[in-house]
Amino acid sequence: MRLPRWFHQLGSPPHVYRLADRLAPWLGTLGCALLAIGAVWGLAIAPPDYQQDEVYRIIYIHPQTAYVAMMAYVVMAIASGVGYIWRLKVAHAAAVSAAPLGAWFTFCALCTGAIWGRPTWGTYWQWGDPRIMFETLLLFQFLGYMALRSAFDDRDKADKVTAILAVVGVVNVPIIHYSVEWWNSLHQGPTIMRFGSPAMTADMLWPFLTMVLAFTLTFYWLLLRRLQAEIVEREGDARWLRELAPEGAQ
Amino acid sequence: MSEFLSMGGDGAYVWSAYGITLATLIINAWLVRVKRGHALRRARELATQTEAPRKQPKVHRVQ
């Protein structure tokens with residue numbers, strides 16, 4: 001199979017580092033601007049919910065953080081698979097960079113979910129609830145991935161072994177998504193990604209989608225910056241690193 | 001304004017959820033900045049350490 005030229009270039013650490021340098025400022029600026037717009041829109045402009053009144057406004061951050069956490073895992077699994085199959089060090093570096101971000105966003109989703117649960121379900125936490133349990137499992141998958149990495153001294157070996165773990169574990173992502181449909185759960189069903197039209201009116205849907213985009217861009221901004229750091233750590237004293245700007249301008 | 005902050009009596013829930021999310025984003029931006037700065041500093045140290053002994057290898061041309 002002939003692979004396109006841009007795919008080959010993605011295997012080159014200097015190329016990826018410079019590409020990240022070009023993309024990251026745009027992603028960061030746009031992501032943060034949309035976060036601010038979406039937050040004001042969701043908190044102040046969108047109408048209150050007919051059932052949950054004002055507390056429903058957590059919907060502009062909680063599903064987004066949970067979605068970004070799952071996306072982080074998918075990114076980690078795909079990067080791991082690509083790294084394993086084509087032996088691309090940059091892909092392994094991307095997988096390593098996605099793991100802590102995924103863990104943070106999963107933690108954030110669990111916290112905001114618990115806070116939302118108290119006024120709507122009457123409890124912060126429900127052991128045995130499928131959505132909560134599989135989301136918690138996702139947190140431990142990220143932490144387990146990082147723990148397993150740190151158990152190896154040899155980076156190449158760590159890359160290979162943790163890649164297998166990451167790829168196998170991706171099965172949890174669709175389970176999290178469908179958990180509210182497959183089992184009885186306290187958690188409400190899907191609002192946007194369901195058959196038919198979204199169960200939301202336009203004046204709530206637009207700030208919701210703005211926040212989805214905002215969190216996505218912010219995630220990729222953080223991922224690219226982390227990837228740059230990871231590449232520099234892995235490249236050591238490579239010649240191309242010396243040509244970088246002396247202070248490595250942000 | 002106080003009506004906005006109280007969020008219909010659920011202000012504590014709404015604002016703590018937004019606060020935790022904002023904190024997560026700020027912490028992550030800070031962590032990645034520290035990590036990247038550290039990696040670049042380390043790379044520069046390595047570069048200056050290895051600058052002296054590294055020379056271009058001599059090329060012997062065969063006639």
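To find a chain, count down the sequence lines: A is the first, B the second, and so on, and within it residues start at 1.
No more than 12 heavy atoms of other residues, nucleotides or ligands lie within 6.0 Å of CH2 in W26(A), so this atom counts as exposed by the packing criterion. Other residues, nucleotides and ligands contribute more than 12 heavy atoms inside 6.0 Å of the CZ atom of F152(A). Surrounding NZ of K89(A) are at most 12 heavy atoms belonging to other residues, nucleotides or ligands under 6.0 Å away. Within a 6.0 Å radius of CG in D153(A), other residues, nucleotides and ligands contribute 12 heavy atoms or fewer. Heavy atoms from other residues, nucleotides or ligands lying under 6.0 Å from CH2 of W121(A) number more than 12.
At least one side-chain heavy atom of F215(A) sits under 4.5 Å from a side-chain heavy atom of T21(B). Annotation: side chain of R33(B) is not in contact with side chain of R225(A) (no heavy-atom distance under 4.5 Å). Proximity of W116(A) to V14(B): side-chain heavy atoms (C-beta onward) are nowhere separated by under 4.5 Å. Here the side chains of M7(B) and R57(A) are in contact, with some heavy-atom distance below 4.5 Å. Contact of the D10(B) side chain with the Q52(A) side chain is not registered, since no non-hydrogen atoms from C-beta on lie closer than 4.5 Å.
Between chain A and the residues G19(B), G8(B), A39(B), the most heavy-atom pairs under 4.5 angstrom are made by A39(B). Note on I115(A), T65(A), V232(A), D53(A): by heavy-atom pairs under 4.5 Å with chain B, the leading option is I115(A). When each of Q64(A), E233(A), E235(A) is checked for heavy-atom pairs under 4.5 Å with chain B, E233(A) comes out on top.
For L43(A), the parts lying near chain B are the backbone and the side chain together; criterion is any non-hydrogen pair under 4.5 Å. Neither the backbone nor the side chain of A114(A) comes within contact range of chain B; no heavy atom of the residue lies under 4.5 Å from a heavy atom of that chain. Looking at F107(A), there are no atoms closer than 4.5 Å to chain B (heavy atoms on both sides), in backbone or side chain. F4(B) touches chain A through its side chain: at least one heavy atom from C-beta onward sits under 4.5 Å away, while N, CA, C and O do not. When heavy atoms are compared at a cutoff of 4.5 Å, L22(B) does not approach chain A at all.
Distance check, rounded to the nearest 0.5 Å: CG of L40(B) to CG of L241(A) gives 8.0 Å. Distance check, rounded to the nearest 0.5 Å: CZ of R36(B) to CD of E230(A) gives 13.5 Å. The CG atom of L25(B) sits 11.0 Å away from atom CH2 of W104(A), with the distance rounded to the nearest 0.5 Å.
Counting only distance, with no hydrogens or angles, the side chain of Y13(B) and the backbone of T112(A) share no donor-acceptor pair below 3.5 Å.
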